[in-house]
Every structure is written in structure tokens, then in C-alpha cells.
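I have placed the structure first, in the form of C-alpha cells, so that the comments after it can refer back to it.
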Amino acid sequence: MKRHLLSAADLSRDDALLVLDTAEELAQLTERATVKKLPTLRGRTVVNLFFEDSTRTRTSFELAAKRLSADVINFSAKGSSVSKGETLKDTALTLEAMGSDAVVIRHSWSGAPVNLARWVKGSVINAGDGTHEHPTQALLDAYTMRQRHGRVEGLRVTIVGDVLHSRVARSNVLLLSTLGADVTLVAPPTLLPVGVESWPCETSYDLDAVLPKSDVVMMLRVQRERMGAAYFPSSREYSRRYGLDVRRVTTLKDDAIVMHPGPMVRGMEIAPEVADGVRSTIQEQVANGVSVRMAVLYLLLGGAESAIGSPE
Amino acid sequence: MKRHLLSAADLSRDDALLVLDTAEELAQLTERATVKKLPTLRGRTVVNLFFEDSTRTRTSFELAAKRLSADVINFSAKGSSVSKGETLKDTALTLEAMGSDAVVIRHSWSGAPVNLARWVKGSVINAGDGTHEHPTQALLDAYTMRQRHGRVEGLRVTIVGDVLHSRVARSNVLLLSTLGADVTLVAPPTLLPVGVESWPCETSYDLDAVLPKSDVVMMLRVQRERMGAAYFPSSREYSRRYGLDVRRVTTLKDDAIVMHPGPMVRGMEIAPEVADGVRSTIQEQVANGVSVRMAVLYLLLGGAESAIGSPE
Amino acid sequence: MKRHLLSAADLSRDDALLVLDTAEELAQLTERATVKKLPTLRGRTVVNLFFEDSTRTRTSFELAAKRLSADVINFSAKGSSVSKGETLKDTALTLEAMGSDAVVIRHSWSGAPVNLARWVKGSVINAGDGTHEHPTQALLDAYTMRQRHGRVEGLRVTIVGDVLHSRVARSNVLLLSTLGADVTLVAPPTLLPVGVESWPCETSYDLDAVLPKSDVVMMLRVQRERMGAAYFPSSREYSRRYGLDVRRVTTLKDDAIVMHPGPMVRGMEIAPEVADGVRSTIQEQVANGVSVRMAVLYLLLGGAESAIGSPE
């Protein structure tokens with residue numbers, strides 16, 4: 001594996017499977033243990049450098065790092081030198097000089113992680129950059145599919161909703177195609193990105209036609225503020241055409257699963273009964289997120305030098 | 001003890017005494033030790049889920065958890081999924097899926113902790129909900145009374161001030177009555193809650209009449225923003241009638257103590273000389289708060305499975 | 001050494017050298033170690049009490065404390081009891097009652113750390129108070145000079161820029177004079193403090209005259225908001241007269257170094273090529289900051305009782 005995790009496109013099939021297998025091993029190790037903490041990254045420092053608020057993702061990385069015994073620094077951009085005119089590069093060099101071994105970055109600028117990786121010697125993990133990518137989300141989604149279906153290869157995965165603004169969709173398409181799944185994007189034409197024809201997936205405007213063939217249905221979060229704008233006439237109309245309600249779920253195959261990266265807007269893109277139903281993997285995705293992020297930190301920082309170690 | 005600590009009313013006399021005794025044991029253990037840290041909750045995760053700002057209470061819980069070697073996640077609602085339309089239930093399920101063993105919640109909604117406890121498998125600790133309850137505050141107050149007076153049973157406790165808006169007062173009345181103390185609430189009629197007649201305590205409007213009989217005087221914080229409103233004509237008038245000044249303190253019994261949950265508004269509900277005097281237990285209450293919260297976390301999370309352990 | 005670090009003036013020559021030597025020892029110990037963490041302050045609590053935002057300095061102290069295995073509490077004044085009318089004294093006493101062993105304070109009020117030290121039994125470390133002092137910055141600067149030049153005594157140090165508002169300049173003048181360096185302050189007359197004649201240093205308005213004789217050039221950050229005000233006509237004019245550009249650097253001695261406390265405003269007080277050049281010690285200063293703060297925490301908290309200990 002490379003030194004950084006910037007894009008799902010950087011992961012070869014072997015890389016991706018190594019992450020999933022390592023995550024599985026770590027999950028089993030800590031599950032069996034009395035003390036759910038591994039000494040693997042003791043003395044290492046992981047910095048959460050979040051320029052956009054995301055308590056959920058930040059917490060997931062923080063927990064993953066702490067379970068590997070790393071020290072975690074939460075470096076919020078608010079009230080930091082950034083607001084005093086410092087450049088991202090100087091912030092990065094400062095963090096590195098302080099001895100950070102990995103920087104987990106979330107930034108509204110799609111190029112931020114790639115640039116950061118040029119400047120620092122430590123590892124950079126992209127925790128979401130603009131509308132570009134969110135590779136650990138794609139990894140935890142693949143992990144969850146494999147856990148439920150026993151495989152990723154050959155699965156028919158349908159991703160529904162605001163693909164245009166979704167880094168989750170983009171990273172999933174890239175990773176799932178590497179892992180041999182067949183992805184179909186379903187969205188209104190206004191919410192599909194220009195150039196989607198060149199993505200390794202199908203597209204469709206007709207959710208009802210695609211659902212019966214799907215093994216996995218992944219609903220994307222709808223950002224209310226985009227409703228009523230040029231993108232879509234109203235939230236009610238959106239729900240009617242692209243929401244996953246109880247009726248639509250009845251058209252699914254018996255073993256099809258329903259995924260959502262969270263946070264959900266219940267009643268908008270997903271009905272409450274569906275979110276809480278047996279097909280829903282929403283809680284599993286969150287739990288798997290911690291395991292997958294542990295695996296990524298372990299593989300990037302622990303590398304060949306250190307064994308996973310055993311819990312106490 | 002139950003799995004959660006939601007209300008002082010949930011604690012039987014035996015439960016409450018178990019918390020106080022455990023807190024005492026933990027305080028002695030860490031005081032004697034070179035390393036003031038117990039391995040008891042290593043690998044466990046405690047989440048501080050604060051929807052209202054309270055650095056003081058959050059810090060007390062954070063320290064308590066860290067002294068038991070737990071990992072602590074501070075999950076502030078600001079900038080979290082909550083602001084993206086996520087429900088409290090989904091936030092809770094997310095935290096649980098990430099592997100949190102206990103959620104310490106502060107919320108302006110009085111029902112939040114009780115509902116949270118329905119949704120999660122881990123322990124929920126109420127760190128203040130609306131005007132409803134703040135049970136660990138009542139426990140640390142009882143601990144402090146016992147430390148100074150040698151007992152809680154039979155003590156005459158006078159609670160003075162804005163009872164209407166005080167979760168501290170409500171939790172104290174419930175716990176102190178369970179422990180056999182006699183509580184009198186002193187407040188202007190506008191600052192007593194409707195239905196206070198059914199509470200297990202006396203009420204009075206006349207502070208000077210009650211003081212000479214009190215073993216404990218607990219002053220509540222006055223929220224300035226409520227002064228000049230319908231509740232009370234002015235802060236000066238409030239101070240004159242319900243403030244604890246130097247003159248009033250001279251009417252107290254020799255061994256009577258003065259308590260305050262903090263933060264104080266010196267010169268409003270309490271004179272600076274009184275706050276800093278020998279009767280004042282304000283600093284002891286803060287110190288005892290950490291011990292009591294350690295005990296609560298230990299009893300809820302460590303349970304029968306684990307001994308307290310010895311410090312290094 | 002005393003119990004607190006409030007001012008660079010409190011440090012005798014021996015004290016200062018002890019900090020620098022200890023920092024060097026700690027840096028070497030953790031560099032060689034597999035696990036970059038010392039057990040020295042396990043069970044001790046360090047509180048970062050920041051009334052002004054400074055993620056950079058806060059993070060440096062947080063890392064220093066964590067590398068010594070202390071528990072760290074970040075106590076931001078925002079949303080704390082301070083905003084509910086609590087005094088600094090009561091906040092301090094609360095933190096002490098909770099068992100904090102050291103308080104690292106940053107405050108806009110120049111007298112805050114000195115007063116805090118009167119109220120608490122634990123150690124107080126001044127992390128910047130108003131325009132007054134920032135002693136650990138001066139210590140890390142001296143450490144960096146010694147690392148590059150092999151000594152501090154006899155060095156000619158030129159400090160350039162907004163001396164009037166700079167706690168960094170003030171602490172450096174005091175410490176460097178104790179350590180036997182010759183300091184010259186270069187600034188426009190409007191940016192030199194009243195009474196600077198009594199400081200143990202020279203002053204000059206002419207940067208070009210002073211540069212060729214300097215072993216160390218320390219550029220201060222320019223606060224844009226002060227430009228265009230009474231202090232200086234414009235940022236362009238400031239840059240022209242007091243900025244360190246490529247041409248000026250050519251007039252320096254061969255082994256002269258360029259320092260900056262950060263955050264930099266590239267292109268204002270320092271040209272990007274200079275900031276990134278071989279003379280620049282900016283990254284080293286940041287790295288040394290962690291070592292020096294580890295040394296200060298170790299010497300104040302670990303004291304004679306505990307050896308530094310060895311990493312795992």
C-alpha cells in the first residue's frame with residue numbers, strides 16, 4: 001500500500017482486499033478481548049485536521065486511532081492560525097514539525113489532500129474533500145457488503161440520489177468497480193455530474209426499474225438546501241420519485257440490503273420503517289467504519305515494521 | 001444498581017450509599033497512589049454528548065473517565081450531524097455503533113436522557129436535562145455533606161433561590177429525602193415550581209427564619225437574565241431578600257456549612273466573604289464531583305465483572 | 001526552578017540552561033525510542049486554559065504533555081462558566097479542585113498568569129498573556145539558536161517588526177540577555193514600546209544597517225489589522241522597509257539564521273523564498289517547541305521526585 005490514502009482510485013484490488021481483511025482481523029481481535037485496545041500505534045500521533053465540521057467522521061477516526069493506542073490531536077481550523085492568514089501548506093508543515101505521523105484531513109477544497117501529501121513526510125488520509133472523494137467511506141461500505149453478502153464481486157449495487165454533490169458516490173463507484181461489482185447510479189438528470197458517461201458504471205433515472213435487480217441499494221443524503229433550487233422542484237416530489245419507501249422495498253430481492261452513509265434525513269430520502277428494518281445496514285456501517293479506519297491507520301503507520309500485537 | 005443514571009429518584013438508599021462509599025474508596029486509592037490513575041476502564045469508551053455548553057461538568061466527567069483509564073470522546077452537538085437534520089435517536093445509535101460504552105448527556109430537553117436510554121444498549125448518565133434533573137450533582141452534594149457532618153440522615157438542608165429553573169434543586173430534594181435528610185426550599189413564590197407541595201420537602205419564603213435551624217445551606221445560582229423579568233423585581237432586591245451575606249451567616253449554627261453548585265455570581269446570591277469562608281464547601285464539592293463521577297462510571301460500566309484494581 | 005513559569009525574567013541563567021539541556025535530553029530519548037512516549041507524568045493532569053484562540057500553541061502543549069503520558073484537558077473559555085459570570089479566580093480554583101497539576105494559560109489580560117499563580121497550588125505556565133510575555137516561545141527560540149550556532153552567549157540577535165504588540169519580542173529580550181546574547185530591536189518608531197530604552201537591548205530603525213552584523217534575524221508576525229492605522233501607512237510600505245526579502249538575505253553573514261515564531265504572513269514580513277530557504281529555522285522552532293514544553297512540564301511537575309524514565 002502507498003503512504004497515503006487520497007482516493008479510492010489509488011487502491012488496487014489487492015490493496016483494497018488487504019484493508020478489508022485487516023479490518024476484519026482487528027474487529028475480531030478487539031471483540032474477543034477484555035481490553036478493547038491494541039498497543040500497535042503507541043507513541044504515534046494522529047492529527048484530525050478538519051476544515052469542515054463533521055463530528056461523526058472525526059469521532060470515528062478518533063476512536064480508531066485511540067483503539068490502536070495512538071495519541072489524537074483534534075486540530076479544528078476555526079480559531080487557528082488559518083484565520084490569521086497562514087496557508088494550508090504552513091499549517092501542514094507545522095503539524096509535521098510537531099511530530100504528527102498521520103494527518104486526517106477534511107476540506108471543502110477538492111485538491112486539499114493531494115496537495116497536503118506533497119508537502120508532508122507523514123501519511124495523509126482523505127476524510128472527505130469537497131465533492132471529490134471520501135475513500136474510507138467507500139471501504140467501510142465494501143466491508144459491509146462483503147459482511148452481508150459474503151462477497152463484493154458480481155454484486156449489483158444501486159446508488160440513489162444527489163450524485164452530483166456526493167463524494168461518497170464517487171469513491172464508491174471507483175472502489176466497487178475495482179472490486180468487480182456492477183454499479184448503477186440513479187438520480188434526476190440535474191443531479192448527475194457532467195462526464196458521468198466515462199465513470200465505470202451505468203446510470204438510470206428510473207428507480208423502480210432498477211430496484212428488483214439490485215443486491216445493494218445505497219441511498220445518499222439529500223441536502224435540503226438544494227431542494228427548491230434549480231436541482232429539483234420540491235422535497236415532496238423528490239421523495240416520491242427517488243425516496244426509498246416501504247412499498248419500494250417490497251420490490252427488492254429477498255437478500256437485498258439497504259445502505260446509507262448517514263446522517264439520514266428520515267422521511268426524505270428514506271422512510272423511517274426502512275431505515276430501521278432488517279435490510280438496513282446503517283448501524284453496521286458505522287461500526288465497520290471504526291474497524292476500517294483502524295485498518296487504514298495500521299497499514300499506513302504500522303506498516304511492515306510492527307505486528308498488529310495482541311490486546312491486553 | 002441499574003444500567004443508567006437518569007434521575008436521583010432511580011436510586012434506592014442502598015444504591016446511593018454504594019455510590020458514596022465507592023467514591024470514598026476511589027478518592028482514597030488515588031490520593032495514596034503515586035500514579036493517580038486506575039486501570040479499571042481501560043479500553044472502554046465514554047462519550048460526552050453535550051447539547052448545552054458546560055465546560056465545567058464536561059471536564060469533571062472527562063477527568064473521572066480518564067482517571068479510570070477510559071477513552072473519552074467529546075461529541076459537541078454544534079457542527080455535528082444534528083445540525084444536518086439527524087435525530088437524537090440516530091445520533092445515539094451512531095455513537096453506540098461506534099462502540100461507546102457510556103453516554104454522558106446534557107440536553108435542554110428534559111426528556112432526552114430517558115429516551116436515549118430506551119434506544120441504546122450502553123449506559124446513559126444524565127448530566128443535566130432542562131430544568132429536570134442533574135443526579136450526579138446531588139450525589140456529590142450528599143457526599144460533601146457526609147464528609148463534613150459525618151452523616152446525611154437527619155440533617156436539615158436549606159436550598160435557597162431559583163428552584164423553579166434548577167435541576168440541581170430537584171435532584172437534591174429527591175436524593176436527600178431518600179437518604180433521610182429534611183429539606184426546606186426557600187424562594188420567592190414566583191421561583192417555586194407548580195406542584196412543589198407534593199415534593200418531599202418543606203417550603204418557605206423567609207430565609208432569616210430558616211437559617212438558624214439549618215445544618216446545610218445550599219445557595220442556587222441566579223440567572224441574571226431572569227432578573228427584572230416577571231420573576232423578580234431587581235437583582236438588588238433579590239440579593240437583599242435571598243442572598244447569603246456576612247450578617248446572615250452569623251445567624252447560622254456553629255457547624256453549619258454553605259454549599260453552592262457553581263458557577264457562582266459573587267455578590268448576587270452569595271457574598272465573596274461567605275464563598276471564601278471556612279463554612280464554604282465550594283471547592284470540596286468540585287473535588288468530590290470527580291470522585292462521585294468516577295464511582296458512577298465504575299459502578300455502571302465496571303459492574304460485577306471487574307474489581308476496582310490498584311493504581312500503579 | 002520555581003513552581004511556575006510566568007515570565008522569562010523569572011529564569012536565572014542556570015534555570016534556562018537546565019530547561020534547554022532537559023529538552024535536548026528528552027528530544028534524544030524519544031527520537032531513539034520505538035515508542036515516542038515517556039511514562040514520567042502518568043496520572044498527572046495538565047489543563048490548557050485558553051481564553052484566546054491559538055490552536056498552534058495549544059497543540060504544542062497538548063503533544064508535550066501527552067508524550068510525557070499526562071492527561072490533557074482542553075478548557076476553552078467559550079461556553080464555559082466564564083460566560084455565566086464566573087471570575088478567573090473561581091475558574092482557577094475549580095480546575096485545581098478537580099485535581100489539575102498544571103494550568104497552561106493564554107489570556108488577553110497581561111496580568112492573568114501572575115494572578116492565577118497566587119490562587120492555585122499547582123504550577124502555572126504562561127502561554128502568552130496580552131502583549132506581555134510568552135516565555136516558552138523564548139525558550140524554544142534560544143534552543144533553536146543553540147542548536148544551529150552551538151551557543152547563545154555572544155550571538156547578535158536582531159528582532160524585527162511589531163515589537164510594541166509582541167509578547168514574543170519581550171520574552172526573547174529578557175531571556176537572551178540572561179543568556180548573554182546581544183539583542184537589537186528593529187522597528188518603526190510607532191511600533192516600539194514606551195520605555196524600551198530601559199530594556200537590556202539596542203534599538204534601530206534601519207534594518208539594512210543591522211543585518212550584516214546579525215547572527216540571528218527574528219522576524220515578528222505583522223498583524224494586518226494594524227496596518228493602515230496610526231502604526232504604519234500601508235502593508236506595502238512596511239514590507240519595503242521592514243520585510244525580509246531575497247535581496248536583504250544576501251547581505252547576511254554566511255551562517256546567519258532566519259527565525260519566525262509563526263504563523264507567518266508570507267509576502268508581508270517575510271518573502272516565501274526566505275521562509276523556505278536553508279537559513280530558515282521555522283520548522284525546527286516548531287519541533288523544538290514540543291521538546292522545550294516537555295522539559296518545562298517535566299521540571300515543574302516531575303521535579304526531584306521522579307526521574308525522566310525510559311521510553312518503552
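In this text, all values refer to a predicted model and were calculated from it rather than measured experimentally. Computed over heavy atoms, backbone and side chain alike; hydrogens, waters and symmetry mates excluded. Quick note on labels: first sequence line is chain A, next is B, and so on, each numbered from 1.
- Across all non-hydrogen atoms, the minimal contact from B:Arg58 to C:Asn74 is NH2-O, 3.3 Å.
- Remark: C:Glu31 pairs with no residue by the side-chain contact (heavy atoms from CB on, under 4.5 Å) rule, at least two apart or across chains.
- Nearest heavy-atom pair, B:Lys36 versus C:Gly43, reported as atom, atom and distance to 0.1 Å: CB-O, 3.7 Å.
- Taken to the nearest 0.5 Å, the CE atom of B:Met264 stands 9.0 Å off from the NZ atom of C:Lys89.
- C:Thr59 pairs by the side chain to side chain donor-acceptor pair (under 3.5 Å) definition with nothing, not counting sequence neighbours.
- Minimum interatomic distance between C:Thr94 and B:Gln283 (heavy atoms only, all atoms of both residues): N-OE1, 3.7 Å.
- Applying side chain to side chain contact (heavy atoms under 4.5 Å, CB included) to C:Thr45 and the options B:Glu62, B:Lys37, B:Arg67 leaves one that passes, B:Arg67.
- Taking both residues in full, the closest heavy atoms of B:Lys66 and C:Val72 are given as NZ-O, 3.0 Å, listed atom of the first, atom of the second, then distance.
- Interatomic distance, CD1 of C:Ile73 versus CG of B:Leu63, reported as 4.0 Å (0.5 Å rounding).
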